[in-house]
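The block underneath contains the structure these notes are about, expressed in C-alpha cells.
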Amino acid sequence: MYVAVKGGERAIDNAHAWLAEERRGDTAVADLSVAQIREQLSLAVNRVMAEGSLYDADLAALAIKQSRGDLIEAIFLIRAYRTTLPRFGGSLPVDTEDMACDRRISATFKDAPGGQVLGPTFDYTHRLLDFKLAADGEIGEVPQAPARDTATPHIMSFLDREDLIQPEPAGEATPPDLTRTPLELPADRALRLQALTRGDEGFILGMAYSTQRGYARNHAFVAELRIGTVPVEMEIPELGFSIDIGEINLTECETVNQFQGSKTNPPQFTRGYGLVFGMSERKAISMALVDRALRWKELGEDNVGAPAQDEEFVLYHADNIQATGFLEHIKLPHYVDFQSELELIRKLRREATQMQEAAE
Amino acid sequence: MSAYNFAYLDEQTKRMIRRAILKGLAIPGYQVPFASREMPMPYGWGTGGVQVTASVLMPEDTLKVIDQGADDTTNAVSIRRFFERTAGVAVTEATVEASVIQTRHRIPEEPLQAGQILVYQVPIPEPLRFLEPSEVETRKMHSLEEYGLMHVKLYEDISQHGAIATAYAYPVKVEGRYVMDPSPIPKFDNPKLEMEAIQLFGAGREQRIYAIPPFTQVVSLDFDDYPFAPTKADHACDLCGAEDSYLDELIVDDAGGRMFMCSDTDYCLTRRKAGHIGAQGVPYEEASV
Amino acid sequence: MQTVAIEGGFLDGPVQSSRAFRQIMNALARPGTICALDGAEPPAPLSIAAATLMLTLCDHETPIYLGDGYDTSDIRQWITFHTGASIVAPQKAAFAIGDWNGLPLDQFPIGTPEYPDRSTTVIVECPALVAQGATLSGPGIKAKAALSLPELKAFQRNAALFPLGLDFFFTHGNQIAGLPRTTKVT
C-alpha cells in the first residue's frame, strides 16, 4: 500500500523557522544591528540600493540582515518592497556639477579645476589582511581638509568647449521607466542606462571587461570619476517652485572613447556614461563602457557581433532578480514535464531498437 | 494585512493587467506586453500567474492552486497562502468547487465549466524562442505569420527520431492565426485547451499575457503523415485505477521499483472517495490522508 | 469643480472594480452574453455600465475619445476626476465612448502588425441591448449567439482586419455586452 506524500504546508513553516535560526547564528554572539550594517558594511548597502533601485540605506541594511548577507536576496527584498510604494512625483534631474565630491579623479588631465581628490579609496591599499581589525576596529585621528565651496566643473566640459567631444545636449523629455512599461526594443539610450544602473554588478563588469579584451573595443579613458552627494530637487506645483527634498550619494563616470569623423565631420571623441547610487565605482566605470559599446548604431560603427553590442542580449540578461528567479526555478518540481520526456525517450528507444533488430 | 491592497497589487497595476487580459482575449494566442511588477516571490515561480490571478480575483471567489497537478506541492501551497492572506478568498482543493484555478504545468482532468477561470504560470511565453533567441525577430515572425521555422524544427525531429520529439510545451495554433506556447503542460493536456472556461496565461519575467476565450479553436501543430497524438504512461493509476489520467512515476524502492499515480491529486482522491481502487491502493476510508 | 464631478465613483474601489472586471471580461470572452455592470453614477447621457467600465479600466495611461453628444463639460470633469484619463482625438484614443452615429470608427487606431493590441476599445451606448438580432460566431461562442447590433457591415469590415481591429462593448443602462474583433457577424 502506498500513501501519497503530503505536508507541504508544515514543511514550509519548519523551513522558515530553521532559516530564522540560521540567520541569527550563535546566540552567544551579539545580534547585529541595522545601524552597524549601514555604517560598517556601507558598500554592500550601496549595492543593494543601486540594484534595488531604492535610495534608503536603512532599508537596504535591514534587507542585508534579513537575507543573511546574500546581496541578491537583499536586492530582491528591496525591489518587492519598492513596487508597493506610491509615487508622489518625479524629481528634477540632479546636477552632478553641484556634487560635493568625496572623490574626484581624472585619467586624462593631470590637473583641472577642483583637482584630483583620491578620497576614501581602496586603490593604493596593499591588499594585506589587517589582523588588527579582528581585535579592534577603532581608528586613529583622521586629517581634515576644508570643504570646497564652489562647483566642480566636469572635465568633459573642457573638451566640449573645444568641440573635441561629441555633444550631448540636455533634453526635456521625461525618460522612460522600465519598471512601469514593458521593455520594448530598440531601446533608447535613457532606457538602456536605467537598465544598466539597476543591472547586476557582476554581469555589467563582465560585459565591460569583454569590450576591453577586444569584443567591441572602444578605447575608453576615464575622463572623470566623481563620488559625492548631490541635492535632489522637486517641483511642487502648489508652490510654483522647486525645493530641496534631500540629498543622495552618487558615483558618476564619464569616459572619453575612440574618436570618429568623416569627410564632412572632423573627428570627435565619443562618450560613455555611468551613474550609480552610492559609492559604486566599479559599477559606474563598467556601466560607462557598456553604454558606449551599445551606442554603435547611433555612432555609425560596425556591429562586430560582440555580446556587449547586443542591446537585446545585455538588457534581457542584466537583471539579477529576473536571472536568479528563473535560474533557481528549475529546482521546483518538474515531475510532469520530465515524465512526458521519460515516456517519449522510452518510446523512441523502443522504436529504434525494433528497427535495429528488424535490420539485423 | 490592511497594509496591502485587496489581492496585493495596487489598483493602477490591476487596471493595466486587466486591459492586457482583455486585449489578449480579443486576439487569442497573441502575447500582449505588460509592465510586470516585481512580486514578493521570485521570477520563474509564478509571478505572471500571480499577477493575473490578483487582477481577476473577487472576494466571492474560491481559489485552487496546483503545481504539477497537485494542491500540496510547496510552491502551490505558498501561492495559495499568499492569496488567502492578501485577498481573503476561500480556497479549495476540489476542482469543481473552484471559480479560479492557478496552475503550473497541468490542466485538471475534470473538464472545466463556464464559470471557471484557469490561470497558467508561464516561464517562456514565446513558442519560437528556442528556435530564434531574438525577441525582435520572433515578434516580426508572428506579425508576418511566418512559422516556417517551427515546422522545420518539428520536421527535423521526425527525420532524426522518427517522431516529433516535443513532449511538453507542445506548440499550438490558436484560431488559425497565432502559434502559441501552451506553457509546459504535457502534450497529453493539449486537447483540453479547447474548453468552456476562460484561459489566461501570465509570464511575469518575460512581461507577457495571453489568453484563450472559451470555445476557441486550438490545434496542436503536426503533419498529415505524423499526426499529433497525446500520450501518457501506459499504465493505470496504482491508487485509484484511472486509465484516462496523466500519471506521475514514482521510484518506490532501492531496486528501482516503480509505481504510477495520478498527477491530478484531486481527481485521484475524488475517484478513491467514489470507491475506485488501483492495484496498490486501499479503500479511501482506511487511508490516512 | 462642480459636485457632479466628484460624485458617482466607486465607494470601495478594489472590491467593486474586481467584480466589475469579471463582468466585463465575461462579456468580451463570451460575445452575445449580456452582463450586468453597475457601481458608477455618472452624469447623463453616460450609462451606468459605460461609466463603470471606465472606472474599472481607465486611468492616466488611457486617453479617451468622447463621441458627439458625450463631449460635455460634466462628462469631461467626471472622467478627469475619477480616472485621470485625458480626453483626446480619435487617433490617440485607447478607449472611445459614444452612440453609434457619433463615433468616427475609421479614425481609431486598429493596432500594428507587431502590436495588434494597440487598438482602441470602443464603447457603444445603445438605446437597447437584447440577445437577438445579428448572428454571432467565433471564439467565446459555442455555436451561434445573437445580439442586437446597430448594423452589420462595420463589424464585418472590422473582423476582416484580424488580427488588427477594434474591440467593442455595447452598453445600455446597467447592461454590457462585448464584441471582439474575432467575432463574425451575419
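In the text below, chain A, chain B and the rest are named by the order of the sequence lines, each starting its count at 1.
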Given a strict heavy-atom distance threshold of 4.5 Å, which part of [X] is in contact with chain C: side chain, backbone, both, or neither?
X: B:A35; answer: neither
X: B:A211; answer: neither
X: B:Q12; answer: both
X: B:L200; answer: side chain
X: B:E60; answer: side chain
X: B:V100; answer: side chain
X: B:I117; answer: side chain

I'd like to know which of [options] tops the heavy-atom pair count under 4.5 Å against chain B.
options: C:A29, C:A94, C:A143; answer: C:A29
options: C:N26, C:T62, C:I141, C:V15; answer: C:I141
options: C:D59, C:L28, C:I24; answer: C:D59
options: C:G165, C:G140, C:P180; answer: C:G140
options: C:E61, C:R30, C:R181; answer: C:R30

Contact class of [X] relative to chain B, heavy atoms under 4.5 angstrom:
X: C:T121; answer: both
X: C:L55; answer: backbone
X: C:F168; answer: neither
X: C:R19; answer: both

Nearest non-hydrogen partners of [X] and [Y], listed with the distance:
X: B:S143; Y: C:P113; value: CB-O, 3.2 Å
X: C:M25; Y: B:I21; value: SD-CG2, 3.8 Å
X: B:A26; Y: C:F162; value: O-CE1, 4.1 Å
X: B:R15; Y: C:L57; value: CD-C, 3.8 Å

Candidate pair B:E11 and C:S17, rule side-chain hydrogen bond (donor to acceptor under 3.5 Å, both in side chains), full reasoning: CA-CA 9 Å; B:E11 288 305 294; C:S17 63; 3.0 Å; yes

Just how far is it from atom [atom1] of [X] to atom [atom2] of [Y], taken to the nearest 0.5 Å?
X: B:L22; Y: C:F21; atom1: CG; atom2: CZ; result: 4.5 Å
X: C:C58; Y: B:R19; atom1: SG; atom2: CZ; result: 7.0 Å
X: C:Y115; Y: B:Y30; atom1: OH; atom2: OH; result: 7.0 Å

Who wins among [options] for the most heavy-atom pairs under 4.5 Å with chain C?
options: B:V56, B:V174, B:V32; result: B:V56
options: B:A20, B:A114, B:P28; result: B:A114
options: B:K140, B:M16, B:Q31, B:H142; result: B:K140

Side-chain touch C:S18/B:R18, heavy atoms, less than 4.5 angstrom: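 Yes, their side chains come closer than 4.5 Å.
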
Within-4.5 Å side-chain heavy-atom neighbours: B:K23 and C:S119: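 Counting from C-beta outward, B:K23 and C:S119 do come under 4.5 Å.
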
Electrostatic pair B:D61:C:R22 at N-O distance under 4.0 angstrom: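 Result for this pair is yes, salt bridge flagged.
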
